[in-house]
K.L.:
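This structure is in structure tokens; I'll ask about it shortly.
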Amino acid sequence: DTGVSQDPRHKITKRGQNVTFRCDPISEHNRLYWYRQTLGQGPEFLTYFQNEAQLEKSRLLSDRFSAERPKGSFSTLEIQRTEQGDSAMYLCASSIGTFYNEQFFGPGTRLTVL
Amino acid sequence: AQSVSQHNHHVILSEAASLELGCNYSYGGTVNLFWYVQYPGQHLQLLLKYFSGDPLVKGIKGFEAEFIKSKFSFNLRKPSVQWSDTAEYFCAVNADYKLSFGAGTTVTVRA
């Protein structure tokens, strides 16, 4: 399968715990994006990378959130000291870095914070 | 910052009916416009896109969309829906590499 993959698909955690999600983009895509989607809403942008450089972070991304893409391939999104409000679907997407910027989405990681 | 507004939250219609979903965006510069679809249990998939040129764009599964620059609109249409078109539809705008999505429209097609 050559699409975007995400792991885990589901994560249930207790409030205050740390969680980490992984995204593997399509192999030739140099841009990687993280979005968050809550019930009844469209995805909201969190952050994106071009290769290993994190180019933009949304104001939605509090200091409890950190994302990395250490070798310009896979990326991780970590949430520290989770809160119930962090419960959401976390989506990863990748694209080739041109302005004609079709993004391909992964299946998402559904986080439930108890 | 750009924003996207989708007019309908939930649309219910019968097979063979025509579908039109409204989308308006706010951004003064050059934009790329997209419609994504999410079928039950599946991930977001691109339905169609507009970058430039002919404002009437055709996508997969018989969908089309019309870009009207003066109205800042990018409405999605399908002349005759099928039960398999039951899904959530998202309009999105890309002005600076990241996508801004509307809240989505849930479409339920009754057999």
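Chain letters run A, B, ... following the sequence lines, proteins first, then strands; residues in each count from 1. Just so it is clear, the values below take in all heavy atoms, side chains as well, and ignore hydrogens, waters and symmetry mates. Computed from a prediction, not measured in an experiment: that's the story for all the values here.
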K.L.:
Please evaluate residues Leu99(B) and Tyr33(A) with respect to the criterion side chain to side chain contact (heavy atoms under 4.5 Å, CB included), reporting the C-alpha separation (whole Å), side-chain torsions for both, the decisive distance (0.1 Å), and the verdict.
P.N.:
CA-CA 9 Å; Leu99(B) 291 173; Tyr33(A) 307 79; over 6 Å; no

K.L.:
Rounded to the nearest 0.5 Å, how far apart are CE of Met89(A) and CG of Leu44(B)?
P.N.:
9.5 Å

K.L.:
Taking atom CZ of Phe34(B) and atom CD of Gln103(A), what is their separation to the nearest 0.5 Å?
P.N.:
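Between Phe34(B) CZ and Gln103(A) CD, I get 7.0 Å after rounding to 0.5 Å.
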
K.L.:
Identify which part of Lys98(B) has an atom lying under 4.5 Å from any heavy atom of chain A, answering side chain, backbone, both or neither.
P.N.:
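The answer is both parts of Lys98(B).
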
K.L.:
Do Tyr39(B) and Val81(B) land in one hydrophobic cluster if side-chain heavy atoms of ILVMFWY residues count as linked below 4.5 Å?
P.N.:
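Yes.
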
K.L.:
Is a side-chain N or O of Tyr36(B) found less than 3.5 angstrom from the main chain of Phe105(A), in a donor-acceptor match?
P.N.:
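Here the side-chain-to-backbone pair does not exist.
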
K.L.:
With a sphere of 6.0 Å drawn around CD of Glu68(A), does it hold more than 12 non-hydrogen atoms of other residues, nucleotides or ligands?
P.N.:
no

K.L.:
Under 4.5 Å from any heavy atom of chain B, what part of Gln50(A) do you find: side chain, backbone, both or neither?
P.N.:
neither

K.L.:
Determine whether more than 12 heavy atoms belonging to other residues, nucleotides or ligands lie under 6.0 Å from atom CZ of Arg15(A).
P.N.:
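Count not over threshold, so no.
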
K.L.:
Report which part of Leu91(A) has an atom under 4.5 Å of a heavy atom belonging to chain B: side chain, backbone, both, or neither.
P.N.:
side chain

K.L.:
Give a yes or no on whether Leu77(A) and Phe104(A) share a hydrophobic cluster (residues Ile, Leu, Val, Met, Phe, Trp, Tyr; joining criterion: side-chain heavy atoms under 4.5 Å apart).
P.N.:
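No.
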
K.L.:
Under a 4.5 Å heavy-atom cut-off, does chain A meet the side chain of Leu46(B), its backbone, both or neither?
P.N.:
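Just its side chain gets close to chain A.
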
K.L.:
What part of Gln38(B) gets closer than 4.5 Å to chain A, counting heavy atoms only: side chain, backbone, both or neither?
P.N.:
side chain

K.L.:
Within this structure, what is the CD-CG distance for the pair Glu102(A) and Asn94(B), rounded to the nearest 0.5 Å?
P.N.:
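Answer for the CD-CG pair, Glu102(A) versus Asn94(B), is 11.0 Å.
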
K.L.:
Identify which of Pro43(A), Ala93(A), Ser58(A) forms the greatest number of heavy-atom pairs closer than 4.5 Å to chain B.
P.N.:
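So the answer, after comparing Pro43(A), Ala93(A), Ser58(A), is Pro43(A).
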
K.L.:
Give, for atom NE2 of His43(B) and atom SG of Cys92(A), the distance between the pair rounded to the nearest 0.5 Å.
P.N.:
11.5 Å

K.L.:
Got more than 12 heavy atoms from elsewhere within 6.0 Å of CZ, Arg110(B)?
P.N.:
no

K.L.:
Check the hydrophobic clustering (I, L, V, M, F, W, Y; side-chain heavy atoms under 4.5 Å; chains of links allowed) and say if Phe63(B) and Val4(B) are grouped together.
P.N.:
yes

K.L.:
Using the rule that Ile, Leu, Val, Met, Phe, Trp and Tyr join whenever any side-chain heavy atoms are under 4.5 Å apart, tell me whether Tyr90(A) and Phe74(A) fall into a single cluster.
P.N.:
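No, because Tyr90(A) and Phe74(A) fall into different hydrophobic clusters, even though each may have its own neighbours under 4.5 Å.
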
K.L.:
Atom CG of residue position Leu39(A) - does it have more than 12 heavy atoms of other residues, nucleotides or ligands inside 6.0 Å?
P.N.:
no

K.L.:
Does atom NE2 (His9(B)) have a neighbourhood of more than 12 heavy atoms from anything else shown, all under 6.0 Å?
P.N.:
no

K.L.:
Is it the backbone or the side chain of Glu56(A) that comes under 4.5 Å from a heavy atom of chain B, or both, or neither?
P.N.:
side chain

